[in-house]
Amino acid sequence: MFDFKQEISNKISKIVNINEEELKTYIEIPKDTKNGDYAFPCFRLAKSLKKSPQVIANEIKEKIEVDEALIEKIDVAGGYLNFYINKTKLVEETLNELDAKKEKYGASNVGNGKNIIVEYSSPNIAKEFHIGHLRTTVIGAAFYNIYKYLGYNTIGINHLGDYGTQFGKMIEGYKRWGTEYNLEENPIEELTKLYIRINDLCKSDETVLEACRDNFKKLEEGDEYCTQLWNKFKELSLKEFYKTYDMLGVKFDSLNGESFYSDKMPEVIELLEKSGKLIESQGAKIVDLEDKGINTPCIIEKSNGSTTYATRDLAAILYRARTYDFDKCIYVVAYEQNLHFKQVFEVAKLLGLDKKYTDGLTHIAYGMTRVSTGRMSTREGNVVKVNELLNEAVSRVKAIIEEKNPNMEDKEENAKKIGIGAVIYNNLCTTLIKDQVFDWDTVLNFNGETGPYIQYIYVRTKSVLKKAGYIPEIKDVDGTLLKDEKTIPIIKNIYEFNNILNSVLEKNETSILARYLIELAQNYSNFYNDNKILVSDDKKIQDARVYLTYAVGNVLKIGAKLLGIEMPEQM
Ligand code: ARG
């Protein structure tokens, strides 16, 4: 597709003798279209050219040679050059590209087969899958989808928390009272109860604690009985987790969790010893990171000889570098673990890995979610159970459908897509690092900035197409009929789609795509309210508007799908 930014930077580079690609990054899209479609801020050049932005702007304007079929007008305003692009060209380019790529619109090969690991979800075996895990699952899946769509070789890893001394306790608890608990029915709840009970006993009886430690040791040594039990806990937990994953439509390429690295830790310790940075402190082995500006040392081996969460992460980095030769290894984990990842990434530099790998380690941190209303309000101290939350979303939507559109076909299926979609959208639409509030009325507001709103507008495009009874062929679409002020914003949105996907990855921010879809939906809604689409007495206009409608629906669907949201066919 023709790249207007490239065209502008190319022309400017000929005058100022600065690299075209660099200039391209300076170009902005003005908030107010009165200032053109693209703006070039000349103050970026003031220092190197030793002239005022104003003077530079005037000089460039004087000398620049542009083709009117591409750029219609250039203005100088303050230190800015404002470019007005040729709208006919814009419309043609956009719709031709969309027509050529259809449901693959916006996809690209920029990834060029680069290997990207996205690690997400990573709940802990035998513990509740909580609302924070929901968030990493949904965010991680979105990054996974977008990386794939842009041609990266993407590997999704669920780094299960399936290791640690607590399993020694759980085994002990099961040995003593296993038959009292119905693990098949409610595994996580029952295992939690079992765990609390054995933990209490440990506090009052040192010999029980000793037995627990012994179990864990046996587990590490591969003892059959202990391993069998641990496997059982894991299987039961995964079965529960997969209820959530299936509802969300989330998949993984690997479930190698912490236990997978249990036999890969000695090498980490060896390598760190070789680096000379592993020191003894109160019987433990640590790496001091004071000189890296991190005040807390990274504990590699505890005084009792057991390894730590951090050591397992280091072993995972070694393994992943060798197995996947990753260009990036992204961890979608709550900001509560910022320190952990700072430490691990710093210590990873001591493992003797190629710099490519340590540079590729990326922590995408996200904020906490608080549920503010309804039965599951966290203020009341209940832990939010994600399956219940998702089911509640679906049943709330069902109630809305019963009230507003009781004759809808596929009620059940649509309610699922809308309810789950609403929850997913809510997890992705605000700046990731910020804490957020989950409020049912906001999340399910069909007219708000929500998943259901995007779905609602999508369904509207579908019903327009259904009424029209056809999708025009691109050769019948007269682009000059799509240049009015209500239409151009839509065309521009569509034109920008691939750039939006790129900036999601560049800025590690899913909200860019989430908000974009709202804007596109709103722009279409404005257009729809102002224009008749099915104007049978003017086939030309009708063809253009029907095609536009199809294009909007297509982009909404692709974008939503990348976020993990399915589109209902009715609403
Ligand atoms: N299991 C951990 C938790 O639930 C998250 C794991 C994050 N990933 C990692 N590589 N440390 O808190």
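Order of appearance sets the numbers: ligands from 1, and atoms from 1 within every ligand. Note that this is a predicted model, so its numbers are computed, not measured. Residue numbers count from 1 along this sequence.
- Here Lys285 pairs with Glu273 in a salt bridge; the nearest charged N to carboxylate O distance falls below 4.0 Å.
- For His340, the ring pair (Phe, Tyr, Trp, His ring centres under 6.0 Å) partners are Tyr309, not counting sequence neighbours.
- Under a 4.0 Å N-O distance rule, the pair Lys217/Glu221 qualifies as a salt bridge.
- Nearest approach of Ile198 to Glu172, heavy atoms of both residues: CD1-CG, 3.8 Å.
- Aromatic ring pairs are classed by plane angle as parallel below 30°, tilted from 30° to 60° and perpendicular above 60°; the pair Phe167 and Trp230 is perpendicular.
- Protein residues lining ligand 1, listed by chain and number: Glu119, Ser122, Asn124, His133, His159, Tyr309, Asp313, Tyr331, Val333, Gln337, His340, Phe341 [non-hydrogen atoms, distance under 4.0 Å].
- A salt bridge links Glu119 with Arg320; the closest basic N to acidic carboxylate O contact falls under 4.0 Å.
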